[in-house]
Amino acid sequence: MTSNPLAVIDISKPQEEITPGLLAAAIKQGFLFVDGHGIPKDQVDKLFELSKEYFTTTPEKEKLKYLINPDNNIGYTHFGSEQLDPRKTKDFKEGYNFGYIDFETGEFNQSKQDYYRSKNKDIKEDVQNPIPPYFKQNSQLLSDTMIRLHQIAREIMKLIAISLNIENQQFFTEKLRPKEPNGSIFRILRYPLIRNDGNDITSTDEDLLSIRAGAHTDYGALTLLFQKEAQQGLQLQLDEDNPDEWLNVPYIKSAHKDMAAPLVVNFGDLLNFWTQGVLKSTTHRVKFSPGETRNSDRYSIVFFVHPENDARLEPVPSDIVRKAANGEDIPQITALEHLQQRLKETYNW
């Protein structure tokens, strides 16, 4: 059994018990487990069943009708669409991104006009985001999960503000309002097993066989991940001086009865940039080989958390951050500008 290299933070406990360990994990590793999140195990089990059903039974022709839209990062990503590590072959996985989410009502994949109406913006050209019928049929499960994950993300960001001794404890959460346009994405992923026995996709490319998501850091503020038991594969590069050393992230169970497994949480490039490098954005990848780490497909459920599009990434009012900045000011850009640059790098848009 793989040992656990990460801290486990239970956010249902009192704040004074949480914040020291949370800050230490954020600074030293950039990854941690978050337990006590309140999402029932049976809800996450149903999401994994939904994901498997969609990817394995939906005809390819049907999935391709909903290809990812470069304008908003919503839709289906086909095998080889992404190249997270430019030094490697393209990532052999498929996924579906849900976006333009109202985190109060749970509406997702809204049209651009509808999504921006609350801001009274003049949208000259609307962008429609048709929803695959299968997801329409399961919209209640999807919507409820997105709302819950956004609430958890806000709680974690509030705890981060407290950990950094920011006087305004809502410094981050006031830029994560549930109804404001943002780049947050809820994503389901499938990494199919590849083997050379004639029963599945064949390949002699070592990268394709083992590295399923190339080494990368995440774009946004936070990433919240549910992984399935016996389907691990996530690896972390915690020691930058030893780039060939990778730590496996295990599956662990919740300490709470009937609660889903702890979320794997990591801090992204935006938060690293925003805190002048105090909070670590750690390089990670997905790697597995048939017969070594599993004999089946790997599924994961991910929520990428971004602040509101218009949020300016102004200096964080924390003495811890000021000390790390050493008098240097970060460029004044918005959360949307930061995201757009990273998407161009990944998809060559």
Rounded to the nearest 0.5 Å, how far apart are CD of Q276 and OG of S318?
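These two atoms lie 10.5 Å from each other.
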Dump the intermediate steps for side-chain contact (heavy atoms from CB on, under 4.5 Å) on F103 and N182, then the final yes or no.
CA-CA 11 Å; F103 291 109; N182 62 80; 3.9 Å; yes
Side chain to side chain donor-acceptor pair (under 3.5 Å) partners of K13, counting only residues at least two apart
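Here no residue qualifies.
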Please name all residues satisfying side-chain contact (heavy atoms from CB on, under 4.5 Å) with [X], sequence neighbours left out, ordered by chain then number.
X	value
K63	Y54, T58, Y76, E94
S163	T19, L22, L23
A260	H37, V44, F226

Does any N or O in the side chain of [X] come within less than 3.5 Å of the main-chain N or O of [Y], such that one atom is a donor and the other an acceptor?
X	Y	result
S111	Q128	no
T56	K52	yes
R312	T334	no
Q227	P250	yes
Q110	Y100	yes
D126	Q113	yes
W274	E314	yes
D102	K179	no
N97	N73	yes
R154	T173	yes

Among residues two or more places apart or on two chains, list those pairs meeting salt bridge (Lys or Arg N to Asp or Glu O under 4.0 Å) that have a residue in residues 136-149.
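Applying salt bridge (Lys or Arg N to Asp or Glu O under 4.0 Å) to every pair that reaches into residues 136-149, excluding sequence neighbours, yields D144-R148.
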Summary of salt bridge (Lys or Arg N to Asp or Glu O under 4.0 Å) pairs that have at least one residue in residues 15-41, sequence neighbours excluded
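For residues 15-41, and leaving out neighbouring residues, the salt bridge (Lys or Arg N to Asp or Glu O under 4.0 Å) pairs sorted by first residue read K41-D45.
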Trace of the side-chain contact (heavy atoms from CB on, under 4.5 Å) decision for F267 with I27:
CA-CA 10 Å; F267 303 92; I27 291 174; over 6 Å; no
Give the intermediate values and the outcome of side-chain contact (heavy atoms from CB on, under 4.5 Å) for residues Q43 and L141.
CA-CA 8 Å; Q43 180 169 341; L141 172 63; 3.8 Å; yes
Sort out for me which residue in F186, Y134, F135, F55 forms a ring-ring contact (aromatic ring centres under 6.0 Å, His included) with Y96.
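The residue from F186, Y134, F135, F55 that satisfies ring-ring contact (aromatic ring centres under 6.0 Å, His included) with Y96 turns out to be F135.
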Between T282 and N266, is any pair of side-chain heavy atoms under 4.5 Å apart?
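Side-chain contact under 4.5 Å: no.
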Following the transitive rule for hydrophobic clusters with a side-chain heavy-atom cut-off under 4.5 Å over Ile, Leu, Val, Met, Phe, Trp and Tyr, establish whether I11 and L176 coincide in one cluster.
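Yes; L176 is reachable from I11 via cluster members.
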Measure from NZ or CZ of K175 to the centre of the six-membered ring of F171 and say whether it is under 6.0 Å with the direction within 45° of the ring axis.
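Relative to the ring axis of F171, which defines the angle, K175 lies inside both limits.
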Can the positive tip of K228 be found less than 6.0 Å from the middle of the six-membered ring of Y299, inside 45° of the ring normal?
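Because its charged atom misses either the 6.0 Å distance or the 45° angle limit, K228 does not stack over Y299.
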With a 4.0 Å cut-off on N to O distance, would you call K158 and E155 a salt bridge?
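No, this pair does not count.
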